[in-house]
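Quick note: numbers below take in every heavy atom, side chains included, and nothing from hydrogens, waters or symmetry partners.
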Amino acid sequence: MRLFAIDLDGTLLHSTHIISKRNVSAIKRCQENRDIVVIATGRAAFDAAHLLRMHQLDCPIIGSNGAELRIEHEGITIRKNVYVPSDESEAILNCLLKQDVYLQIYLEDEILMTYDATNQLMKQIKKEQRTNPLFQADEFLQSVQPQLKQYGIREVTDFLNVDFAKVMKYMIVSPNATVLKQIQNDLSSQNCTVTCSGPFNLEVTANGSDKGMALQQFAERMGIPLSATVAIGDHHNDLPMFRVAGTSIAMGNAEDAVKRLATYKTGHHDDDGVAMALETFCSIQVGHKGVQDGKYY
């Protein structure tokens with residue numbers, strides 16, 4: 001038995017934010033072979049579950065970059081959350097509010113954002129276009145669509161009534177790389193984990209809370225040695241699970257840093273790179289689209 005931990009955006013999902021038939025079939029074939037497939041994503045667990053239901057998939061979920069663990073497998077049910085300590089959470093929010101950024105707050109059953117956040121982001125895009133001739137607005141909007149269009153978002157007037165003891169993640173989006181770097185520097189004094197799932201966002205969770213930690217906990221609970229785990233991803237927030245998994249596979253579209261740390265590389269997410277990897281490691285065959293020269297690479 002193997003345990004496959006698969007990222008969503010830039011990995012299992014195509015750029016159109018759907019899971020291809022080939023990827024769906026590959027996951028189901030692995031499950032039929034008694035392998036376990038867990039979705040490991042920066043998205044909220046309920047958002048990931050909504051996506052899986054749309055594609056008739058049933059998988060355990062590591063959500064919010066490891067802050068959420070949702071397991072229903074062969075009689076085992078686990079629902080575990082890792083919250084940012086309330087005092088740290090309030091300090092983090094105050095730090096973020098000093099910057100002009102698009103901000104979401106992840107709770108267990110909803111994602112909070114202010115009603116004017118999207119309009120403010122559009123203004124920031126226009127400002128970046130005026131000051132940075134190299135900035136590509138279309139590329140930016142395509143990159144941040146997963147954050148802007150998530151399931152379960154609730155708009156609020158402000159964040160004054162947030163229960164800081166129930167925050168699992170802060171997610172920040174900005175078209176300005178300097179602003180994101182400044183936030184990262186500002187948060188370095190806080191007791192938290194800061195990562196990213198794309199070039200224009202930052203994601204903040206409790207200290208030590210990441211996909212690697214959650215994968216270790218999940219594997220231990222299922223009685224699977226880490227040597228039998230396979231992690232598949234494309235960006236920096238996937239690196240913690242690359243470091244603990246027995247085998248790591250970088251997508252063809254992955255960041256160079258991710259490719260350097262991977263055991264293997266597979267195809268682009270728009271060419272069903274996940275299915276290519278699963279077909280190889282699960283010894284299944286569901287299609288050929290996207291394979292280069294008939295080889296897994």
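- Taking CD of Gln182 as the start and OG of Ser174 as the end, the distance is 12.0 Å to the nearest 0.5 Å.
- A side chain to side chain contact (heavy atoms under 4.5 Å, CB included) with Phe4 is found for exactly one of Leu278, Ile36, Ile27, namely Leu278.
- Applying the side-chain hydrogen bond (donor to acceptor under 3.5 Å, both in side chains) rule to pairs touching residues 130-143 yields Glu128-Asn132, sequence neighbours excluded.
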Should Thr157 and Thr114 be marked as a side chain to side chain contact (heavy atoms under 4.5 Å, CB included) after you check the CA-CA gap, both sets of side-chain angles, and the distance that decides it?
-> CA-CA 5 Å; Thr157 303; Thr114 57; over 6 Å; no
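- Put simply, the side chain of Val167 does not reach to within 4.5 Å of the side chain of Ser86, judged on heavy atoms.
- Side-chain contact between Phe135 and Ile125: present, with at least one pair of heavy atoms (C-beta onward) separated by less than 4.5 Å.
- Listed by chain and number, the residues in a ring pair (Phe, Tyr, Trp, His ring centres under 6.0 Å) with Phe200 are Phe140 (sequence neighbours excluded).
- For residues 169-180, every residue pair satisfying the salt bridge (charged side-chain N to carboxylate O under 4.0 Å, His left out) rule, not counting sequence neighbours, is listed here: Lys169-Glu203.
- Contact annotation: the side chain of Ile183 approaches that of Leu96 to within less than 4.5 Å [non-hydrogen atoms, C-beta and beyond].
- A continuous path of hydrophobic side-chain contacts links Ile224 to Met241 [ILVMFWY only; heavy atoms under 4.5 Å].
- The salt bridge (charged side-chain N to carboxylate O under 4.0 Å, His left out) pairs that include a residue from residues 149-160 are Glu110-Arg154, where partners are two or more places apart or lie in different chains.
- Taking Gln120 as the reference, Asp100, Asp116, Lys123, Gln124 meet the side chain to side chain contact (heavy atoms under 4.5 Å, CB included) condition, with sequence neighbours excluded.
- Every side chain to side chain contact (heavy atoms under 4.5 Å, CB included) that Gln104 has, sequence neighbours left out, goes to Tyr102, Tyr106, Ile111, Met113, Gln150, Ile153, Met171.
- Tyr83 and Leu107 fall into different hydrophobic clusters, where Ile, Leu, Val, Met, Phe, Trp and Tyr side chains are chained together by heavy-atom contacts under 4.5 Å.
- Counted by atom type alone, Ser20 and Asp272 present one or more donor-acceptor pairs between their side chains at under 3.5 Å.
- Here the straight-line distance linking atom CG of Asn191 with atom OG of Ser89 works out to 12.0 Å at 0.5 Å rounding.
- No option in Asn65, Thr195, Asn201 other than Asn65 meets the side-chain hydrogen bond (donor to acceptor under 3.5 Å, both in side chains) test with Asn237.
- The salt bridge (Lys or Arg N to Asp or Glu O under 4.0 Å) check on Arg79 picks up Glu108, with sequence neighbours excluded.
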Quick one: do Leu3 and Val230 satisfy side chain to side chain contact (heavy atoms under 4.5 Å, CB included)? Show the steps, please.
-> CA-CA 6 Å; Leu3 169 57; Val230 180; over 6 Å; no
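- Just one residue in the list Val82, Val84, Val204, Thr205 forms a side chain to side chain contact (heavy atoms under 4.5 Å, CB included) with Thr193, and that residue is Thr205.
- Both Leu202 and Leu93 are assigned to one and the same hydrophobic cluster, defined by single-linkage of ILVMFWY side chains at heavy-atom distances under 4.5 Å.
- Counting heavy atoms from C-beta on, the side chains of Glu68 and Ile62 never come closer than 4.5 Å.
- Between the SG atom in Cys95 and the CG atom in Leu187 there is a gap of 4.5 Å [rounded to 0.5 Å].
- In this structure, Phe281 is a member of the same hydrophobic cluster as Ile39, with clusters built from ILVMFWY side-chain heavy atoms closer than 4.5 Å.
- Between Lys259 and Met251 there is no side-chain heavy-atom pair separated by less than 4.5 Å.
- Take Asp9 and apply the salt bridge (Lys or Arg N to Asp or Glu O under 4.0 Å) test, not counting sequence neighbours, and it matches Arg43.
- Neither side chain, Gln31 nor Asp35, offers a donor N or O lying under 3.5 Å from an acceptor on the other.
- The salt bridge (charged side-chain N to carboxylate O under 4.0 Å, His left out) analysis of residues 211-230, with sequence neighbours excluded, yields the pairs Asp7-Lys211, Lys211-Asp238.
- Residue pairs meeting the side-chain hydrogen bond (donor to acceptor under 3.5 Å, both in side chains) criterion with at least one member in residues 241-254, sequence neighbours excluded, are Ser248-Thr263.
- By the rule that hydrophobic residues join a cluster once side-chain heavy atoms approach within less than 4.5 Å of another member, Val101 and Tyr170 end up as members of one cluster.
- No more than 12 heavy atoms of other residues, nucleotides or ligands lie within 6.0 Å of OH in Tyr151, so this atom counts as exposed by the packing criterion.
- Leu239 has its side chain within reach of Val258: a pair of non-hydrogen atoms, C-beta onward, lies under 4.5 Å apart.
- For Asp58, the CG atom counts as loosely surrounded, since its 6.0 Å shell holds 12 or fewer non-hydrogen atoms of other residues, nucleotides or ligands.
- Considering only residues two or more places apart in sequence or on other chains, Asp234 meets the side chain to side chain donor-acceptor pair (under 3.5 Å) condition with Thr11.
- Partners of Arg260 by salt bridge (Lys or Arg N to Asp or Glu O under 4.0 Å), not counting sequence neighbours: none found.
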